[in-house]
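Accompanying notes for the structure given below.
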There are 2 protein chains.
Amino acid sequence: MNIKEKIGLRVKRLRKEKNISQEALANISNIDRTYIQSIEKGERNISITILEKIASGFKISISELLKDI
Amino acid sequence: MNIKEKIGLRVKRLRKEKNISQEALANISNIDRTYIQSIEKGERNISITILEKIASGFKISISELLKDI
DNA sequence: GTGTGACTTTGAGTCCGTC
DNA sequence: CGACGGACTCAAAGTCACA
């Protein structure tokens, strides 16, 4: 499993834990809904700014978002 | 200071700590020398795969690379 | 060994709609 | 609400010559 897939799973798991929809995460993170989907599928090589947006959406640090990755 | 600049400084500091040149870091990380340079200047919005390369070059985890960022 | 500007190609990232 | 796809724009990836 590559790093993109790992991050996808991590995002998906965090999202499930918080019990929010892809759409909701997309909104609070200021990212496109379809892009979140693509990320969760492990298709995208996301940039640090997107990582930052997602982390802030989850209200955690980037380093926390990438823990165990 | 934005996140790109923060990462640039972090990379630069880690590199100085290890006492290696940009060229050496570039080689062990499999990245172009000028690209490392651009990253250290905080100009690049680097992706997760580049973060992975740099982290592995430093022999640390990505989460460790992004600590305090 | 470092610093810079310029460049091309590929994919990041957005927006639309459908099922 | 999640999954998928088309079409689009702009930026990340990667390299070069020269100082």
Side-chain angles (χ1 to χ4, degrees):
Chain A
M1 190 164 62
N2 66 40
I3 192 158
K4 294 186 283 183
E5 291 171 326
K6 282 188 200 166
I7 291 183
L9 289 179
R10 177 94 173 116
V11 169
K12 193 167 200 162
R13 226 179 83 215
L14 283 168
R15 183 171 65 77
K16 293 287 186 187
E17 279 174 15
K18 307 243 175 192
N19 231 353
I20 58 177
S21 67
Q22 291 178 339
E23 214 166 3
L25 175 59
N27 286 334
I28 56 178
S29 304
N30 264 314
I31 302 176
D32 193 79
R33 159 178 72 84
T34 61
Y35 196 50
I36 293 280
Q37 259 170 33
S38 190
I39 291 170
E40 287 193 357
K41 280 172 68 183
E43 293 174 338
R44 301 296 184 131
N45 184 25
I46 61 179
S47 73
I48 190 69
T49 57
I50 294 289
L51 283 172
E52 190 181 29
K53 284 184 181 180
I54 295 177
S56 86
F58 281 138
K59 296 189 191 355
I60 61 178
S61 68
I62 299 181
S63 148
E64 177 73 20
L65 177 61
L66 295 180
K67 196 158 70 174
D68 306 327
I69 292 189
Chain B
M1 191 165 60
N2 66 41
I3 192 159
K4 295 185 284 184
E5 291 171 326
K6 282 187 199 169
I7 290 182
L9 288 179
R10 176 95 173 116
V11 170
K12 193 166 200 164
R13 228 180 81 212
L14 282 169
R15 184 171 64 76
K16 293 288 187 187
E17 280 176 13
K18 307 245 176 191
N19 233 349
I20 58 179
S21 68
Q22 290 179 340
E23 215 167 5
L25 175 59
N27 287 333
I28 55 178
S29 304
N30 264 313
I31 303 177
D32 192 83
R33 171 183 72 82
T34 60
Y35 197 54
I36 294 278
Q37 188 127 41
S38 190
I39 291 170
E40 288 194 356
K41 277 176 71 185
E43 292 176 340
R44 303 289 185 135
N45 184 23
I46 60 178
S47 75
I48 190 70
T49 58
I50 296 288
L51 284 173
E52 189 182 30
K53 284 183 182 181
I54 295 177
S56 85
F58 281 138
K59 297 188 190 357
I60 61 177
S61 69
I62 299 181
S63 151
E64 178 71 20
L65 176 61
L66 295 181
K67 196 158 71 173
D68 306 327
I69 292 189

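By convention in this document, chain letters (A, B, ...) are assigned in the order of the sequence lines, proteins followed by strands, and residues within each chain are numbered from 1. Excluded from the calculations below are hydrogen atoms, water molecules and symmetry mates; all remaining heavy atoms, backbone and side chain alike, are included.
Listed in residue order, the members of residues 57-69 of chain B having a heavy atom less than 4.0 Å from DNA chain D come to none. Contacts of residues 8-22 of chain A with DNA chain D (heavy atom under 4.0 Å): A/K12, A/R15, A/S21, A/Q22.
Note that OG of B/S29 is 11.5 Å distant from CD of B/Q22, once rounded to the nearest 0.5 Å. Rounded to the nearest 0.5 angstrom, A/I46 CD1 and A/I36 CD1 are separated by 8.5 Å. Going from atom CD1 of A/I39 over to atom CZ of A/R44 covers 8.0 Å, rounded to the nearest 0.5 Å. Rounding to the nearest 0.5 angstrom, the gap separating the CZ atom in B/F58 from the CD1 atom in B/I20 is 5.5 Å.
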For a quick check, with a 4.0 angstrom heavy-atom cut-off, what is the B/S/- contact string for nucleotides 6-19 of chain C, read 5' to 3'? ------BBBBBB--
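Residues B/L14 and B/I3 share a hydrophobic cluster, clusters being chains of Ile/Leu/Val/Met/Phe/Trp/Tyr side chains in contact below 4.5 Å. B/I69 and A/I7 end up in the same hydrophobic cluster when Ile, Leu, Val, Met, Phe, Trp and Tyr side chains are linked at under 4.5 Å. The cluster map of Ile, Leu, Val, Met, Phe, Trp and Tyr, joined by side-chain heavy atoms under 4.5 Å apart, puts B/L9 and B/L65 in different clusters.
Axis angle across the helix from C/dT2-D/dA19 to C/dC19-D/dG2, with five pairs used at each end and values rounded to 10°: 40°.
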Using atom types as modelled, flag every donor-acceptor pair under 3.5 Å from a side chain in residues 47-56 of chain B to any protein atom, sequence neighbours excluded.
{"from": "B/S47", "atom 1": "OG", "to": "A/N45", "atom 2": "OD1", "distance (Å)": "3.3"}
{"from": "B/S47", "atom 1": "OG", "to": "A/N45", "atom 2": "ND2", "distance (Å)": "2.9"}
{"from": "B/S47", "atom 1": "OG", "to": "B/T49", "atom 2": "N", "distance (Å)": "3.4"}
{"from": "B/S47", "atom 1": "OG", "to": "B/T49", "atom 2": "OG1", "distance (Å)": "3.0"}
{"from": "B/T49", "atom 1": "OG1", "to": "A/N45", "atom 2": "OD1", "distance (Å)": "3.4"}
{"from": "B/T49", "atom 1": "OG1", "to": "A/N45", "atom 2": "ND2", "distance (Å)": "3.1"}
{"from": "B/S56", "atom 1": "OG", "to": "B/K53", "atom 2": "O", "distance (Å)": "3.0"}

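A/Q37 comes within contact range of at least one nucleobase, with a heavy-atom separation under 4.0 Å.
Under the rule for a side-chain contact (heavy atoms from CB on, under 4.5 Å), A/N27 has no partner lying at least two apart in sequence or in another chain. Remark: A/T34 pairs with A/D32 by the side-chain contact (heavy atoms from CB on, under 4.5 Å) rule, at least two apart or across chains. Listed by chain and number, the residues in a salt bridge (charged side-chain N to carboxylate O under 4.0 Å, His left out) with B/E23 amount to none (sequence neighbours excluded).
Along DNA chain C, the nucleotide closest to B/K41 and the one closest to B/E23 are compared, and the more 5′ of them pairs with B/E23.
Each side-chain hydrogen bond (donor to acceptor under 3.5 Å, both in side chains) pair with one or both residues in residues 3-21 of chain B, not counting sequence neighbours, appears once here: B/R15-B/E40. Listed by first and then second residue, the salt bridge (Lys or Arg N to Asp or Glu O under 4.0 Å) pairs that reach into residues 57-69 of chain A are A/E64-A/K67, sequence neighbours excluded.
Chain B approaches DNA chain D over the interval D/dA12 to D/dA17, counting the first and last nucleotide 5' to 3' with an atom under 4.0 Å from its heavy atoms.
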